[in-house]
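Worksheet for the structure shown next.
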Amino acid sequence: MDSVENVESTYSGNDVEEEVQEFWKRQEIYRKAKERRSGNRAYFFVDGPPYTTGYIHLGTAWNKILKDCILRYRRLQGLDVLDRAGYDMHGLPIEVKVEHRLGFRTKKEIEAFGIEPFIEECRQFALKNKDVMSDQFRRLGVWLDFEDAYQTLAPEYIEAAWWTLKRADEKRVLEQGYRVVNWCPRCETAIADAEVEYEDVSDPSIFVKFPLKGKEDEYLVIWTTTPWTLPANVAVAVNPQFVYARVAATKEGDEEILWMADDLVDQVLRKGRYSDFRILSKVLGSEMSGMEYLSPLAMRVPRQKKIPHRVVMADFVAMENTGIVHIAPGHGWEDYVLGLKEGLEVFCPVDESGHFTDEGGAYAGRDVHEVNGLVIADLGDHLLARGEIVHRYGHCWRCKTPIIYRATQQWFLRVSELRERMLEEIERVRWFPEWAGSARFHDWVKEARDWCISRQRYWGIPIPIWQCRSCHSYTVFGTLAELSEASGTEVRDPHRPYVDRITVPCRCGGTMERVQDIFDVWFDSAVASWATLRFPARREEFERLWPADFITEGQDQTRGWFYSQLGASIIAFDRSPYRSVLMHGFALDAEGRKMSKSLGNMVTPEEIISKFGADVLRLYVLSANAPWDDLKFNLEGVRTIHRTLNVLWNVYRFPLPYMILDRFSPPAMTEGVWDCMAMAKELPRLPEEDRWILSRTASLVREVEGYMESCELHRATRAIMHFILEDLSRWYIQLIRSRMWLEEDVPEKGQAYRTIYYVLRYLALLMGPITPYLAEKMYMNLKMAHDPESVHMLDWMRPDEAFLDPVLEEDMEVVRQFDDAVAAARQTARRKLRWPVAECIVSTGDPIVRRAIARLNRICTCRANSRRVILADSPWEGLGWRAIAQMKTIGPAFGKDAPRVKEAIERADGKVLREVLAGDGATEVHVGDTAVRIGPAHVAFDEVLPEGFTSANMKNATVYVDARLTPELEGEGYAREVIRRLQEMRRQLNLSVEDFILADVEIDDPRVSSLVNDGWREAIMREVRARSLKILPAGSDIMSLSSHELQQEWDVDDILMRTGISRSASPS
RNA sequence: GGGCCCGUAGCAUAGCCAGGUGGUGCGCCCGGCUGAUAACCGGGAGGUCAUGAGUUCGAAUCUCAUCGGGCCCA
């Protein structure tokens, strides 16, 4: 494998990414990876289109990373993945941005500027941002088709929306109606429920007296936070179930009669500062039906004089405020519905811009917010109380203007009629997590209201309805061709204002013109699943692929894209447009708060990438938590991930120099193609640690597969990281280091090369979907000449069953615990790992521990740096015991002799006493001249370690370490101290692995010097690759030291050592 | 006010569905290793499992209520 190269000593995500990006681009890897799967079983993914506002935030990045990870995985599995990216490019947000840029504040300014130049500005804005965002996504390593992204502004896309509306009309769910809608007075348009954002605001909170018709000083008391809607009042509602009181209330000597809910009398009158009251009578709400009253604003709003105000029944009236609700069907949804039921007049004296019309009488021309104050003033004595209230109020999602409710003429889709079908379809979809569908989405759809799809704006898909000026009949055009044919005009660009100019002759002889409205922008993305297949212009792909196999978006899209798509799809095809959905969480800051510009806690993907690289960001967001939980961004967590990838980098580069030195070549099937099956053949001959890591690898692949199937990406990534850190870095690599250093060409070295090569190839494959750059970089260096060009072109391979060895994995786990226990026992003994010990005893009754320690004894001995590792029963017979008198039982039993019994017990040989008690159950001790009988209850025993031993516990066993030194052990200990210093100096001279040196050592202790020299000189020379070495007591040969290139002094456990080394000139 | 989700050491997370000794990582303290080396490893301290009540022999886990956070709605 002469292609393997050494790599930089530290992992730099950005360097790797730059190189890999360059490779992908030069070799057109993305195209090739797709082509490789072309024609295979299809996997149809639909990208939820981000809105083209120009920057991506952490949540957007997370969203695309999730998509990319899953799609890369599917592609490795051989599926032909349809991965067209998409962009949402119409709508109010862009209009608002462009308005800001042009300095406009009203629609009139836009009209004056001209719709044509205005929408062209919008188009340019969207197109530019689309490209910026695509570049940002690419940098994240996201492989979606950005070249051919679907764009909601494209004519073919617009056609899909038109076609869908035509279906709605055919199915008779399209309706034109006069209804109350959310209205933004700044944007002068209806907005959808989904476009309303709720924020806390302070509003007036007023209690108003409505005079009863034909009565003197008798009133119904209502409460409202929108005084400006009082000029449009036509009724009040009471709850038929509630008890209402007729109260005589006194204030400043005057008495008046007030009606309100009985339970609320106290608090209302307190607010109105009444000094006294008495209840005259009580009635049920239902009995108040039909009572008539007058508007207190009749003098200001002439229209009010003609309105027959009355009391109506409504179940939605709550026991709050006064229990009587002011009803203005022109300005409230519930009011409007109630009005329909009761046949109330819909009075709406407010225009598009939120100003009162002439019908508003004294308020004509005034803004609603201004009218709030005027109304309060005009109410005069009819104002019972006033205050301020902070409550949630709806605002326009784009311009943040408080919305108002207005009754207007709009186009609707009667979604409420489709509710049952939608609920049925939800159950057929596979949801991740399950409750996203069964609970959350289900509950939302259950409440679904009709969808107002018309907007009185410019930048959007024009509603393809042409209506006759004379007879008012209308036609919905489903395609551009239909429109061309009917109008005799070629449709170049189906946007406003171009399509507005097209007229169609009506059957009645009149002329049809397009209705002025454009679509709600949510309707654009609602048709994405077929628009992205270029339906209806093309049918073949639609027939073959639709509905989508998978989509994934944030939890906010429950009411957004999950919903709009389902609604549109039920209308168009009567079935769900997606088969499975992963609902992911929101990106929050480290405190769990929403990221927002105003809070200043935004974290941009760029800042993370520039510091750590895209792979680190990817692995972080994928592993930090379950996809459906909110992501609490934590920089420390990102750093930890970076460290993990650095460990992977070290693991990967560790064997490379040795492989290069030995000209290692992986087993090949045919010339230059790796034979991944070869490993299985030599499996029985491999050392245990190799078979173990191969088993772990096989287990890991299975584990990852399972987690990927259930979208548990956090578990998949954590399993991989655990493997890298625990199994590979902290264990396997440690076990095979010495095998890598072997000079001779021995079989176990080749086996180690082949094994680690195999593991790294698999790891690169597994990590392809997660860290596509690093995986590619590893693969580029490891692959053989005729292997697939890219790690992303490999086929998912599941290792042979034969590799799985659960017993071996279990045994190795025991050994790792043993290893930890030995380290702990050594720490107690203050015996460094470098120093050998004579013996480790594993005392246990557990058959698994016994099996493991026996079978993997070679590894135990080596890891423990012990001459022997042996098994012993539990408790270990080498232990001593100290008898401890149990005064709780001795006291009552022996009375005043107790202290002397205690003394006798503790004087006895604990070990003997214990054996006797265990055997006979009782024995005698001598107290003075008499012998007394004692039993097990009177004595407890403490372990006593033999001199020089320490111990530590592991699971189901105790490890005893004999840390006593012998001259032989001491010699090796010091020898290893010498080796370590000479190696350190080699490093300082920057020598490479194969260089030789000349070395000399002076030890300031004649005994130690001769111990090391006599037994270990040759071994030291071998280890440090020395051609010559003198080991002498201090002062014997200073000249030899001073001649060296590098000299150093060391303090080794209070013994002074001087060392000197030089490069050996002779070639190796 | 309603629906869904979340709350476990300084921080982040596992365990919860199927009740029985609360794991892990980072950080911190102490030590080790040194041919992966501006790395790596071991040990230790650190927890009212948000709060309160209930079910149970036994609750982080099941139930209810409350508090805090998130998304969505009214």
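Lettering follows sequence order; numbering is per chain, from 1. What you see is a predicted model; the values in this text were computed from it and never measured.
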Between [M] and [N], how far apart are the [atom1] atoms? Round to whole Å, please.
{"N": "A50(B)", "M": "C40(B)", "atom1": "C1'", "value": "38 Å"}
{"N": "U8(B)", "M": "G70(B)", "atom1": "P", "value": "15 Å"}
{"N": "G46(B)", "M": "C62(B)", "atom1": "P", "value": "29 Å"}
{"N": "C30(B)", "M": "G68(B)", "atom1": "C1'", "value": "38 Å"}
{"N": "G1(B)", "M": "A65(B)", "atom1": "P", "value": "14 Å"}
{"N": "G32(B)", "M": "G69(B)", "atom1": "P", "value": "48 Å"}
{"N": "U24(B)", "M": "C49(B)", "atom1": "C1'", "value": "15 Å"}
{"N": "C6(B)", "M": "G44(B)", "atom1": "P", "value": "33 Å"}

Report the distance from atom [atom1] of [X] to atom [atom2] of [N], rounded to the nearest whole Å.
{"X": "H584(A)", "N": "C72(B)", "atom1": "NE2", "atom2": "P", "answer": "13 Å"}
{"X": "R639(A)", "N": "A12(B)", "atom1": "CZ", "atom2": "C1'", "answer": "14 Å"}
{"X": "E1023(A)", "N": "U34(B)", "atom1": "CD", "atom2": "C1'", "answer": "13 Å"}
{"X": "E553(A)", "N": "C71(B)", "atom1": "CD", "atom2": "P", "answer": "17 Å"}
{"X": "D629(A)", "N": "G69(B)", "atom1": "CG", "atom2": "P", "answer": "18 Å"}
{"X": "Y11(A)", "N": "C40(B)", "atom1": "OH", "atom2": "C1'", "answer": "19 Å"}
{"X": "I724(A)", "N": "C40(B)", "atom1": "CD1", "atom2": "P", "answer": "13 Å"}
{"X": "N625(A)", "N": "A14(B)", "atom1": "CG", "atom2": "P", "answer": "7 Å"}

Does [N] have its OP1 or OP2 closer than 4.0 Å to a side-chain nitrogen or oxygen of [X]?
{"X": "R834(A)", "N": "U34(B)", "result": "yes"}
{"X": "R440(A)", "N": "G3(B)", "result": "no"}
{"X": "R715(A)", "N": "G15(B)", "result": "yes"}

Using a cut-off of under 3.5 Å, enumerate the N/O to N/O pairs linking the protein to nucleotides 24-30 of chain B.
unit_1 : atom_1 : unit_2  : atom_2 : d
C26(B) : O3'    : R643(A) : NH1    : 3.2
C26(B) : O2'    : E636(A) : OE2    : 3.4
G27(B) : OP1    : R643(A) : NH1    : 2.8

Is there a donor-acceptor contact under 3.5 Å linking the side chains of [X] and [Y]?
{"X": "Y393(A)", "Y": "D203(A)", "value": "no"}
{"X": "W1050(A)", "Y": "T1059(A)", "value": "yes"}
{"X": "T229(A)", "Y": "H326(A)", "value": "yes"}

Nearest of [options] to any side-chain atom of [X]?
{"X": "Q734(A)", "options": "C4(B), A12(B), C40(B)", "answer": "C40(B)"}
{"X": "K832(A)", "options": "A14(B), G70(B), G32(B)", "answer": "G32(B)"}
{"X": "K632(A)", "options": "C71(B), G32(B), U13(B)", "answer": "U13(B)"}
{"X": "R449(A)", "options": "C40(B), G43(B), A74(B)", "answer": "A74(B)"}
{"X": "L833(A)", "options": "G3(B), A14(B), G32(B)", "answer": "G32(B)"}

Salt-bridge test for [X] and [Y]: reply yes if a basic N is under 4.0 Å from a carboxylate O, no otherwise.
{"X": "E689(A)", "Y": "R863(A)", "result": "no"}
{"X": "D443(A)", "Y": "K446(A)", "result": "yes"}
{"X": "R643(A)", "Y": "E636(A)", "result": "yes"}
{"X": "E977(A)", "Y": "R981(A)", "result": "yes"}

4.5 Å side-chain heavy-atom contact, V759(A) and R696(A): no
Does [X] reach a base, just sugar-phosphate, or nothing at all? Heavy atoms under 4.0 Å.
{"X": "R826(A)", "value": "nothing"}
{"X": "Y658(A)", "value": "sugar-phosphate"}
{"X": "E447(A)", "value": "nothing"}

Whichever of D630(A) and I733(A) has its nearest RNA chain B nucleotide further upstream toward 5': I733(A)
Upstream residue (5' side of RNA chain B) when R863(A) and L728(A) are each assigned their closest nucleotide: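 Its nearest nucleotide being more 5', the pick is L728(A).
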Intra- and inter-strand pairs of RNA chain B in dot-bracket (Watson-Crick or G-U wobble, both distances under 3.5 Å; | for another strand): ((((((((.[[[[.)....(..]]]].(((((.......))))).....[[[[[..)....]]]]]))))))).
Residues in ring-ring contact (aromatic ring centres under 6.0 Å, His included) contact with W649(A), at least two apart in sequence or another chain: Y11(A), Y652(A)
NZ/K611(A): more than 12 non-hydrogen atoms of other groups inside 6.0 Å: no
Intermediate values then yes/no, side-chain hydrogen bond (donor to acceptor under 3.5 Å, both in side chains), W451(A) and D520(A): CA-CA 9 Å; W451(A) 180 4; D520(A) 170 12; 2.9 Å; yes
Worked verdict on Y620(A) versus F633(A) for ring pair (Phe, Tyr, Trp, His ring centres under 6.0 Å): CA-CA 9 Å; Y620(A) 172 73; F633(A) 185 84; 5.5 Å; yes
